[in-house]
Amino acid sequence: MAAVRSSWMSVTLLLAALVLAPSLAAVEASHHAFADLQPLEADHVDDTLRTGFHFQPPRHWINDPNGVMYHNGVYHLFYQYNPKAAVWGNIVWAHAVSTDLVNWVLLDPAIYPTGPFDENGCWSGPAPVLPDGTPVIMYTGIDADGRQVQNVAYPKDLTDPYLREWVKPDYNPVIAPDAGVNATAFRDPTTAWQGPDGVWRLVIGTKDNHRGFAALYRSRDFKHWAPARRALHSGDTGMWECPDFYPVTYSVGDGGGTKHVLKVSLDLTRFEYYTFGEYDHASDTYVPDAALADGNDGLRYDYGNFYASKTFLDPAKHRRVLWGWANESDSTAADVLKGWAGVQAIPRKIWLAPNGKQLLQWPVAEIESLRGNHVNITDTLVRGGGSYFEVTGLATPAQADVEASFQVMDVDKAEPFDPAWRGADAQTTVMDVDKAEPFNPAWRGADAQTVCAARGADAKGGVGPFGLWVLASDELKERTAVFFSVFKRDTDGGGNKHVVLMCTDPSRSSYAEHLYKPTFAGFVDVDIAETGKIPLRTLIDHSVVESFGGHGKTAILSRVYPTMAVGDKARLFVFNNGESDVKVTSLNAYDMGSAKIRAET
């Protein structure tokens with residue numbers, strides 16, 4: 001204890017300098033390893049804003065989910081972890097197992113630096129299961145020369161249901177960067193797949209100057225790999241991290257087929273985007289559907305704080321499950337003081353929408369096992385002009401699951417979209433994809449996040465803003481808004497269509513200083529003129545607000561750090577700042593229990 005106290009004194013000035021270093025600014029390529037903080041074990045952990053049902057270990061730093069898989073009745077989650085401090089560095093593959101994706105047993109790290117092929121770090125990768133049932137970890141190692149190389153590890157004992165120990169063969173690395181490949185940007189292999197010809201393929205993220213690439217490699221024995229003649233895909237968006245490539249099935253009438261999804265994490269923008277289209281096994285070519293934007297303005301899994309995602313196929317329940325990492329939005333100094341940093345988003349089922357326009361996602365059903373006390377509200381009118389009411393009856397709205405459906409009573413009051421709201425094209429083409437008629441040029445260049453920043457939760461609109469104030473304090477001095485706004489859109493076909501904007505606005509979420517509090521937003525493909533209703537589900541977990549609009553069409557995760565609306569002092573409200581009345585046709589709010597996340601005994 002004396003040594004810890006001495007360490008705290010020695011880094012006091014450094015912590016002060018780090019106060020303005022927001023955690024959100026870091027991913028693998030951009031991480032700053034705070035060497036002076038690495039030996040500083042978290043002697044005291046502040047659990048005030050620690051999540052109750054999102055995955056996180058008891059202390060220290062975590063980032064990318066790795067090697068997610070299901071094997072012999074057990075779900076495995078590996079993840080990037082610093083066992084020494086609440087900042088990035090000393091990265092190992094931590095390991096947790098579960099039978100329900102909710103409650104987890106924490107095991108010793110599965111892999112950590114041991115040889116010249118990974119002595120400077122064990123970074124991200126998958127854990128595919130070979131045809132004989134043997135799982136294999138493939139990961140990026142940082143070798144003795146600082147190159148990023150791809151290595152494999154195999155279970156030491158396949159009879160161990162938890163696969164606690166892993167062995168790295170002497171022939172590592174199995175893939176090294178060739179001449180002409182950027183050896184400092186060559187990482188994060190995808191889950192390998194085997195084609196009809198019996199050949200294995202995988203994709204590695206890399207870049208050449210500003211152009212990101214999904215570099216394709218092939219192998220007949222999972223040991224000797226060679227680059228394909230051409231990359232699977234590329235884009236002028238900077239480094240492509242954590243690529244993911246997988247098939248999704250769809251149905252059309254009496255038939256159907258398979259599309260392939262390519263997702264990349266953009267190191268420059270801190271966002272991810274995906275396309276889907278046709279993959280030809282014979283030629284190893286991938287062509288995104290022509291209607292989809294391909295680049296910074298592409299479709300996203302999540303329009304908030306969600307990065308380095310990875311999916312896996314769950315054969316037990318015939319579904320694909322998505323994991324993603326949510327970094328902190330406070331300062332590095334705050335992370336060190338509280339003793340932990342980073343959480344994993346709730347695992348989500350992901351599938352192709354029936355209309356074939358986008359992917360849909362929804363929290364895995366198992367999370368509902370934590371639901372407890374239930375509050376129900378039906379057919380409650382919220383007058384326009386700033387009305388609101390409190391949702392009472394929950395033990396603690398700081399840890400809750402809320403499902404609501406809002407009905408717009410007068411959609412004709414929707415404001416015309418203002419062409420002055422212009423941005424960085426981040427979500428523009430989502431609207432283009434979602435509408436069959438020609439795109440209105442007045443909308444071109446307008447991105448959802450810019451619109452949300454211009455027309456936030458406190459704006460007085462025609463239809464909206466309306467939605468939820470979560471993690472709100474008694475006098476509403478602290479509150480995080482999750483809301484919708486509806487705008488009128490003129491079309492070439494005559495008549496009016498409407499665009500639904502979904503936002504999370506944390507600008508009033510906390511009185512704490514040195515926080516990163518951006519608005520996050522995405523458009524929702526809902527025909528409000530036809531249905532009149534917009535559904536919303538929000539998972540509230542102390543410092544995480546994770547929301548799904550339009551039955552999973554748009555997802556936004558945000559990190560917030562209230563100082564007053566904490567624990568049993570948090571409150572939940574419905575509000576309407578629009579001119580049109582809004583009816584809450586149904587609202588079901590549940591107290592959420594805490595997941596059991598414990599070390600193996």
Side-chain angles (χ1 to χ4, degrees), residues 303 380-391 404-423 427 431 440 442-443 446-490 496-510 517-524 526 528-529 532-536 538 545 547 549-550 554 556 558 560 565 571-585 587:
Y303 291 84
T380 299
L381 193 67
V382 191
R383 296 287 184 185
S387 298
Y388 62 89
F389 69 86
E390 183 175 4
V391 178
S405 181
F406 300 94
Q407 182 176 1
V408 175
M409 305 307 291
D410 189 355
V411 73
D412 290 336
K413 290 184 177 178
E415 304 166 86
F417 182 80
D418 185 346
W421 296 329
R422 297 192 177 258
Q427 289 97 345
M431 293 186 293
N440 188 338
W443 287 81
D447 79 288
Q449 193 160 333
T450 300
V451 178
C452 184
R455 304 289 292 169
D458 295 330
K460 304 301 180 183
V463 178
F466 61 85
L468 302 177
W469 285 327
V470 305
L471 296 172
S473 60
D474 287 345
E475 298 179 355
L476 293 173
K477 292 182 178 179
E478 287 186 341
R479 62 182 187 264
T480 296
V482 182
F483 67 91
F484 299 103
S485 290
V486 180
F487 299 97
K488 189 179 300 181
R489 174 183 162 218
D490 293 329
N496 293 322
K497 293 291 182 178
H498 300 86
V499 171
V500 177
L501 178 72
M502 175 179 166
C503 300
T504 297
D505 182 354
S507 59
R508 294 176 177 245
S509 62
S510 178
K517 297 190 289 186
T519 55
F520 289 126
F523 293 109
V524 190
V526 175
I528 190 69
K533 295 181 180 180
I534 309 174
L536 173 68
T538 296
V545 179
S547 301
T554 304
I556 301 174
S558 188
V560 295
R571 297 169 70 175
L572 172 66
F573 294 83
V574 174
F575 77 96
N576 178 17
N577 281 333
E579 182 182 352
S580 171
D581 296 343
V582 172
K583 180 184 286 187
V584 179
T585 57
L587 185 150

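Heavy atoms only: backbone and side chains are in, while hydrogens, waters and symmetry mates are out.
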For the [atom1] atom of [X] and the [atom2] atom of [Y], what is their distance to the nearest 0.5 Å?
{"X": "Phe389", "Y": "Phe575", "atom1": "CZ", "atom2": "CZ", "answer": "12.0 Å"}
{"X": "Ile556", "Y": "Gln449", "atom1": "CD1", "atom2": "CD", "answer": "9.0 Å"}
{"X": "Glu478", "Y": "Trp469", "atom1": "CD", "atom2": "CH2", "answer": "14.5 Å"}
{"X": "Asn577", "Y": "Ser387", "atom1": "CG", "atom2": "OG", "answer": "9.0 Å"}
{"X": "Leu468", "Y": "Ser547", "atom1": "CG", "atom2": "OG", "answer": "7.5 Å"}
{"X": "Thr554", "Y": "Phe484", "atom1": "OG1", "atom2": "CZ", "answer": "8.0 Å"}

Might you work through the ring-ring contact (aromatic ring centres under 6.0 Å, His included) test for Phe466 and Phe406, ending with a clear yes or no? CA-CA 9 Å; Phe466 61 85; Phe406 300 94; 5.6 Å; yes
Looking only at non-hydrogen atoms, find the nearest pair between [X] and [Y] and report the distance.
{"X": "Gly456", "Y": "Pro465", "value": "O-CG, 3.3 Å"}
{"X": "Ala529", "Y": "His498", "value": "CB-ND1, 4.0 Å"}
{"X": "Ala521", "Y": "Cys452", "value": "CB-CB, 3.6 Å"}
{"X": "Thr504", "Y": "Ser558", "value": "CG2-CB, 3.7 Å"}

Is it the case that more than 12 heavy atoms not belonging to Phe573 sit under 6.0 Å from its CZ atom?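 Yes, because the 6.0 Å sphere around CZ of Phe573 holds more than 12 heavy atoms from other groups.
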More than 12 heavy atoms of other groups within 6.0 Å of Lys460 NZ: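 Enclosed: over 12 neighbouring heavy atoms sit under 6.0 Å from NZ of Lys460.
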For a side chain to side chain contact (heavy atoms under 4.5 Å, CB included) check, start with the C-alpha distance between Val382 and Asp581, then their side-chain angles and the critical distance, and finish with the verdict. CA-CA 6 Å; Val382 191; Asp581 296 343; over 6 Å; no
Quick one: are [X] and [Y] in side-chain contact, heavy atoms under 4.5 Å?
{"X": "Leu381", "Y": "Met409", "result": "yes"}
{"X": "Asp505", "Y": "Thr480", "result": "no"}
{"X": "Glu579", "Y": "Val463", "result": "no"}
{"X": "Lys533", "Y": "Thr585", "result": "yes"}
{"X": "Leu587", "Y": "Val391", "result": "yes"}

In sequence, state the C-alpha distance, the side-chain angles, and the governing distance for Ser509 and Lys517, and then conclude on side chain to side chain contact (heavy atoms under 4.5 Å, CB included). CA-CA 8 Å; Ser509 62; Lys517 297 190 289 186; 3.6 Å; yes
Is any NZ, NE, NH1 or NH2 atom of the basic residue among Asp458 and Arg508 found under 4.0 Å from an Asp or Glu carboxylate oxygen of the other?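 Salt bridge flag = yes for Arg508 with Asp458.
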Electrostatic pair Glu415:Lys488 at N-O distance under 4.0 angstrom: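 Judged by the 4.0 Å cut-off on N to carboxylate O distance, Glu415 and Lys488 do not form a salt bridge.
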Applying side-chain contact (heavy atoms from CB on, under 4.5 Å) between Val486 and each of Val524, Ile534, Val526, report the one that passes.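 Option passing the side-chain contact (heavy atoms from CB on, under 4.5 Å) with Val486: Ile534.
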Quick one, Cys503 with Arg455, criterion side chain to side chain contact (heavy atoms under 4.5 Å, CB included). Give me CA distance, side-chain angles, the key distance, then yes/no. CA-CA 10 Å; Cys503 300; Arg455 304 289 292 169; over 6 Å; no
